[in-house]
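As structure tokens, the structure follows; a few thoughts come after it.
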Protein chains: 2
Amino acid sequence: MVTLAEVAQHAGVSASTVSYVLSGKRSISTTTRLRVEESIKELGYHPNAGARALASSRSNIIALMVPLRTDMYVPVMMEIAIAVATTARTHGYDVLLLTGEEGPDAVRRVTGSGLADAMILMDVELDDERLPLLRGGGTLGRAGSRPGDDQPSVLIGLPADTTGLTCVDLDFRATGALCVEHLALLGHRDIAVIGEAPAVYERHTGFAERTLDGLRSRARELGIRLLHRPCEGGYAAMAATLARVLDERPGTTGFVVQNESAVEPLLALLRQQGRAVPEDVSVVAICPEQVAVQASVRLTSVAIPAQEMGRSAVEQLMAKLDGRDLDDVVLIAPELTVRASTGPAPAGAPA
Amino acid sequence: MVTLAEVAQHAGVSASTVSYVLSGKRSISTTTRLRVEESIKELGYHPNAGARALASSRSNIIALMVPLRTDMYVPVMMEIAIAVATTARTHGYDVLLLTGEEGPDAVRRVTGSGLADAMILMDVELDDERLPLLRGGGTLGRAGSRPGDDQPSVLIGLPADTTGLTCVDLDFRATGALCVEHLALLGHRDIAVIGEAPAVYERHTGFAERTLDGLRSRARELGIRLLHRPCEGGYAAMAATLARVLDERPGTTGFVVQNESAVEPLLALLRQQGRAVPEDVSVVAICPEQVAVQASVRLTSVAIPAQEMGRSAVEQLMAKLDGRDLDDVVLIAPELTVRASTGPAPAGAPA
DNA sequence: TTGAAAGCGCTAACAC
DNA sequence: GTGTTAGCGCTTTCAA
């Protein structure tokens, strides 16, 4: 392994000079810099991560905590994770992958050991047990604080109480509202919401409840009848749910689907029952773009902006690490793209 | 931040004693150990990762390189990644998430900086540009080698030349053979293979080609007619592919599907054309269990054992780090589960 | 613009 | 069974 000292010797300068060439923290004459850079390349030098972390108290690593359960929105999580990793790299950071398994202990372990300088948490629950450890984080340098007291962090998702936390999320409330508006504008008066699996609501994951909130309050304002049913993914569960919905509200002409693995089953079932999309019923999905365009009917949808969520979370974190001030909560505005699955409510529909 | 020295002082012992209590590398009297452990808990001590890495030349981190493109088998990749992370933790290792983006440079960076002790590569191509850097890795301690010369590594996937490499993968050749056998045994003589997207073959990802190999050679042995068509995911692409297949081989009664996002579209299209599954045509999928059981017809399938692949890759790596000898190539035997999508070939089918 | 040198917190000889 | 101590490779004052 090549060390900084070896580079220094090779270039005929002192160790500190090499260090400063690398960090750019003090000015170096061009000739010296060139010589050093030449030596670095020639010797194939890479600074030792451990030594650097020890001397500088910064690991240049951010921890990303992903949920353990792989039952939900998996492609989205993956896309976020990759966006986090690539964005982090552009800032000179690497990403440590933590699973939710260890729970709060992982937070303590990473914080305590200085393994990571900061962390990003995905799939935060409304009342998450990891939150107390993170509140007020990101105040490095505040009077009386010692380095390491603190773990700057950003949440992807929105807990019930965001005091002292920085959060990034799609504005699911607005998303719900947007879906209702779109259908209402097309004349639909009876809307059914095919929600996430019951477990998601029981777990009190924020996004599902917020979406419902948005859907309900906008529906109330617009005088729309709304029926919400949680639904497991898959064909069988969707069939049962659909039957119940149509039994209870036969006049339903609009669907909002939030469980991506229920989308295709729903379309298949409607087709099977002779209900044409969008002539007889309209369907709006809340799902990744890819799912919307690959479905058997190109779906009108509100996209889940996974990339942007990941990228934005990292930007927030970098700002914190730089001591910059920033928003506590970044809500990404939803965008509804009209495709082939929604159209005017059928003429004969009950007003 | 609490240091080892503070713990030592608190417990009234020397620093090395504390260190040895932690590592267990020499025997400690019970009373001393108890006192030290008490102090550690009381002070909330966590060893500093950087200092540890510097002093011991081991970071206790393994790097996991995931493909950048999120277009393929995403849930599987995620499941593998999570299995890797959780298994690694049981061995005291953390996982660093690298995207394929940086390519070979990432390998050099991680190797050179001592950021990770070892690495796992996913989605390896038949002739991967990162391989030359890894061949012969894992020989730490061999005469003449200096620490850091080497990057012990394990691949998930199988390149063309496995010399000097350790690989873990599902035995896709056997998988292909198994699918053909199953259908042949049911009397099917004309089988169509709905493969991965053309890009996957162009990229020469090993698994797709190996599956095809297995399918073809077993078909030849059994006198089965086989037609292979690559296929993008989604409904539209599947429709076009299916039309071409049935045009070219109208007598087709068996399908093997390897692109999971083509499965549901295929089932929908067959239904739409009045071909009953499994009465008229049989379908075997190569996909995760979840996809197989959630499909509109419960699918006879060969599962992709994502968890086991991740776990196994880590076990191999741990063995290498311990200097143990091991297999170069671990092929996981495929298992075919019969569900509701396959049955005897229809009586009228051409022999 | 550059160099010298004091640590950062831990591990692992070496001593007893 | 335990203590002493010399580094690990780097960053960052302090001095010139």
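Keep in mind that this is a model prediction, so the values were computed, not measured.
- Remark: C1' of dG3(D) and CD1 of Ile28(B) are 11 Å apart, rounded to the nearest angstrom.
- Within 4.0 Å of Thr17(B), counting heavy atoms only, lie sugar-phosphate atoms of the nucleic acid but no base atom.
- For the OP1/OP2 pair of dT2(C) and a distance below 4.0 Å, the side-chain nitrogens and oxygens of Ser29(A) include at least one atom meeting the criterion.
- With salt bridges taken as basic N to acidic carboxylate O contacts below 4.0 Å, none links Arg89(A) and Glu101(B).
- Residue Lys25(B) has no polar side-chain atom (N or O) positioned under 4.0 Å from OP1 or OP2 of dT11(C).
- Checking the phosphate oxygens (OP1, OP2) of dT11(D), a side-chain nitrogen or oxygen of Ser19(A) falls inside 4.0 Å.
- The nucleotide whose nearest atom lies closest to any side-chain atom of Leu54(A) is, among dG3(D), dG9(D), dC10(C), dG9(D).
- Atom-to-atom, NE2 of His46(B) to P of dC10(C) comes out at 12 Å; the value is rounded to the nearest Å.
- For Ser27(A), a side-chain nitrogen or oxygen approaches OP1 or OP2 of dT1(C) to under 4.0 Å.
- Judged by closest nucleotide on DNA chain D, Leu4(A) is the one of Leu4(A) and Arg26(A) placed further toward the 5' end.
- Put simply, the side chain of Ser16(B) and the base of dT4(D) share a donor and an acceptor less than 3.5 Å apart.
- Put simply, the side chain of Leu115(A) reaches to within 4.5 Å of the side chain of Arg109(A), judged on heavy atoms.
- Distance, Asn48(B) CG to dT11(C) C1': 13 Å, rounded to whole Å.
- In this structure, Leu22(A) places its CG atom 14 Å from C1' of dT12(D), rounding to the nearest Å.
- Rounded to an integer number of Å, the gap from CG of Asn60(B) to C1' of dT11(C) is 13 Å.
- Taking atom CE on Met1(B) and atom C1' on dG9(C), their separation rounds to 7 Å, with Å as the unit.
- At the phosphate of dA4(C), neither OP1 nor OP2 sits under 4.0 Å from any side-chain N or O atom of Tyr20(A).
- Among the atoms of the strands shown, only primed sugar atoms or phosphate atoms (P, OP1, OP2) are found under 4.0 Å from some heavy atom of Thr32(B).
- In this structure the side chain of Leu158(B) reaches within 4.5 angstrom of the side chain of Leu331(B), judged on heavy atoms.
- In this entry the distance linking CD of Gln9(A) with P of dC10(D) reads 14 Å, nearest Å.
- In this structure, Ser56(A) does not reach the dT11(D) phosphate: none of its side-chain N or O atoms is under 4.0 Å from OP1 or OP2.
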Could you give me the CA-CA distance, side-chain angles and deciding distance for His10(B) and Glu38(B), then say whether side chain to side chain donor-acceptor pair (under 3.5 Å) is met?
CA-CA 10 Å; His10(B) 182 107; Glu38(B) 178 61 26; over 6 Å; no
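- Between the side chain of Arg52(B) and the base of dG9(D), no donor-acceptor pair of N or O atoms lies under 3.5 Å.
- Looking at Val84(B) and Leu97(A), their side chains never come closer than 4.5 Å, going by heavy atoms from C-beta outward.
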